[in-house]
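Values below: every heavy atom of this structure, side chains too, minus hydrogens, waters and symmetry copies. Given the structure is predicted, the values throughout are model-derived calculations rather than measurements. All ligand and atom numbering here is 1-based and tracks the order in the structure.
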Amino acid sequence: MPRERPLQRARPEPAHARLTAPAPFFSLRGDMEKQMPAIVHQFMCLDDNFGVLVHDSVTGATASIDVPEGAPVLNALSEIGWTLTHILVTHHHKDHIGGVDEVRRRFPDVEIIGPAPDRARVPGAHRYAGEGDVVKVGALSARVIETPGHTSGHVCYHFYADGLLFAGDTLFAMGCGRAFEAPAQVLYSSVMKLAALPDDTRIYCGHEYTLSNARFAIKVDPDNPRLRERLVEVERLRAAGEATLPTTMALEKATNPFLRAADPALRKAIGMETAADADVFAELRERKNKS
Ligand code: ZN
Ligand code: FE
């Protein structure tokens, strides 16, 4: 039977606060903290989904962030020699949970964490976690951030001590998810919650949409020199068949138009100099839908 343990409540610091990791069970603590025990392995699934495994090198615990497709996740685990202990689900879409059952048959003891705001559409999880809850993967800790918009119950997982964010389909490199289940203004609040995380946060996303996002971004933010440089770099990576992720929060704040609704040059470029930031975001989302 799955273990039923109450979720730990996060301490009431702001979302960007760096918390100290709980003490590991043996005395290497200082060294391990310096080494950042989390190892991330990213690979492709389906057409353009990312599979992502997070491994705690101290305890051996390994989480899959979503399971877009069974076989690539199982292959990645066996190639790298990790045993799956957790699945952390961001949202109910098929391309994020479609492989859960297959993986669970191979790893029957896996503990599945689902988004508390979307229990009904992510059935079968052992536990559900919502805003501020802390999920443990071995000695690693992830704080849950609710980010409604793409779906009403979408959650992201922030491994605060390791500086890792798993953003699902809320935030992409130079883009964001479509606002399928909430007004764009709600999605804007969600992406701004993520933008409050530290600049050096490494961000993993659900899809390799970066090139298409970059080509849109340059249209609405044409005089942004860092965006121009990044477009060239992303074209090079994609031509070589390489992934463009992870990204960082600093890079997104500098180049992602969906995090730059307050930027005067961007607002001028789209003729919305006096609009509210959330309405600029909504207009960007609308234009991207049509592009
Ligand atoms: Zn989705
Ligand atoms: Fe998706």
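Asp169 contributes atom OD2 as its closest N/O/S atom to the Fe ion (ligand 2). For Asp95, the N, O or S atom with the smallest separation from the Fe ion (ligand 2) is OD2. Summary: OD2 is the N/O/S atom of Asp169 found nearest to the Zn ion (ligand 1).
Taking 2.8 Å as the threshold, His150 counts as a candidate ligand of the Zn ion (ligand 1), since one of its N, O or S atoms lies below it. Taking backbone and side chain together, His207 holds an N, O or S atom under 2.8 Å from the Fe ion (ligand 2). Counting backbone and side-chain atoms alike, Asp95 contributes no N/O/S atom closer than 2.8 Å to the Zn ion (ligand 1). In summary, no N, O or S atom of His91 is located under 2.8 Å from the Fe ion (ligand 2). Taking 2.8 Å as the threshold, His93 counts as a candidate ligand of the Zn ion (ligand 1), since one of its N, O or S atoms lies below it.
His92 has its ring centre no less than 6.0 Å from the ring centre of His154.
Ile218 and Leu266 fall into different hydrophobic clusters, defined by Ile, Leu, Val, Met, Phe, Trp and Tyr side-chain heavy atoms under 4.5 Å apart, directly or through other members.
Between Glu131 and Lys193 there is a salt bridge, with a side-chain nitrogen of the basic residue lying less than 4.0 Å from a carboxylate oxygen of the acidic one. Taking the charged nitrogens against the carboxylate oxygens, Arg287 and Glu283 do have a contact shorter than 4.0 Å, which makes a salt bridge.
Lys253 NZ: more than 12 foreign heavy atoms inside a 6.0 Å radius.
No donor-acceptor pair closer than 3.5 Å links the side chain of Asp162 to the backbone N or O of Leu164.
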